[in-house]
Asks: 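One structure coming up, written as structure tokens, with questions to follow.
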Amino acid sequence: MKKMKTINEKITSELIKAARKVRENAYAPYSNFAVGAAVLCEGDKIFEGCNVENVALGISICAERSAIVKAFSEGCKNIKAIAIVADSNEPAAPCGICRQVFYEFNPKMSVILANLDGKVIIRNVENLLPHAFERVRTKKES
Ligand code: THU
């Protein structure tokens, strides 16, 4: 079996720590479900984000996209990993929209899921989003 490339334990725990801390800034008055995320970029820089809800529920922003948008805004173009922390029984898996966003930037991105009890699951985007939507050629182009 092919060995999956994973990031090291020290960076994994730093990302989890950062996601756990930023989770405290979540604005989640409608769901009461606070989520924190931290992304690892080139030069081992870390950017954090939390979920930010809105009374128009459909426009709420997940912690993962919040962190990714922040990283990009600061000039980070190469996202290697993301950690996501929530207070759930099992580490919470990211929603489909976030998975597609991860795929856009790095299909091999490590996705570290953790809960407040310290349970951790590590996946990568290709596991989480098989047969992802990619830019397809139209019939005219092919
Ligand atoms: N949420 C995230 O921030 N990340 C996820 O992976 C799943 C869900 C947020 C969206 C919403 O603010 C709240 O959690 C409940 O769905």
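Counting starts at 1 for both ligands and their atoms, in listed order.
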Asks: Could you list the atoms of ligand 1 found under 4.0 angstrom from a heavy atom of Ser31?
Replies: 13 (C), 15 (C)
Asks: I need the nearest protein heavy-atom contact for atom 9 (C) of ligand 1: residue, atom name and distance, please.
Replies: Asn51 ND2, 3.5 Å
Asks: Group every Ile, Leu, Val, Met, Phe, Trp and Tyr by side-chain heavy-atom contacts under 4.5 Å, then state whether Leu129 and Phe105 land in the same group.
Replies: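 Hydrophobic grouping puts Leu129 with Phe105.
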Asks: Need the ligand 1 atom indices (1-based, order shown) with element for anything under 4.0 Å from a heavy-atom of Glu53.
Replies: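 Taking each heavy atom of Glu53 in turn, ligand 1 has 11 (C), 12 (O), 13 (C) under 4.0 Å.
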Asks: Do Phe102 and Pro94 have side chains that get closer than 4.5 Å, going by heavy atoms?
Replies: yes
Asks: Taking distance alone, with N or O pairs closer than 3.5 Å, would you say Ala63 contacts ligand 1?
Replies: yes
Asks: Above 12 or not: heavy atoms from other molecules or residues under 6.0 Å from NZ of Lys80?
Replies: yes
Asks: Taking 4.0 angstrom as the limit and counting only heavy atoms of Glu64, give me the atoms of ligand 1 inside it, by number and element.
Replies: 2 (C), 3 (O), 4 (N), 5 (C), 6 (O)
Asks: Are any of the protein's heavy atoms under 4.0 angstrom from atom 12 (O) of ligand 1, yes or no?
Replies: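 Under the 4.0 Å cut-off, atom 12 (O) of ligand 1 does have protein heavy-atom neighbours.
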Asks: Can you tell me if Ala92 has a non-hydrogen atom under 4.0 Å from ligand 1?
Replies: no
Asks: Taking side chain as C-beta onward, heavy atoms only, is Val85 less than 4.5 Å from Ile16?
Replies: yes
Asks: Applying the 4.5 Å side-chain criterion to the ILVMFWY set and letting contacts propagate, would Val101 and Leu128 be lumped into a single cluster?
Replies: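 Hydrophobic grouping puts Val101 with Leu128.
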Asks: Hey, which atoms in ligand 1 end up nearer than 4.0 Å to a heavy atom of Cys95?
Replies: 6 (O)
Asks: Can Met109 be reached from Leu40 by stepping across I, L, V, M, F, W or Y side chains whose heavy atoms are under 4.5 Å apart?
Replies: no
Asks: For Phe33, counting its heavy atoms only, list the atoms of ligand 1 lying under 4.0 Å from any of them.
Replies: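 Counting from 1, the qualifying ligand atoms are 13 (C), 14 (O).
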Asks: If we only count heavy atoms from C-beta on, is the Ile46 to Leu15 side-chain gap below 4.5 Å?
Replies: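 Ile46 reaches Leu15 side chain to side chain.
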Asks: Checking contacts now, so for atom 7 (C) of ligand 1, which I'm interested in, is there any protein heavy atom under 4.0 Å?
Replies: no
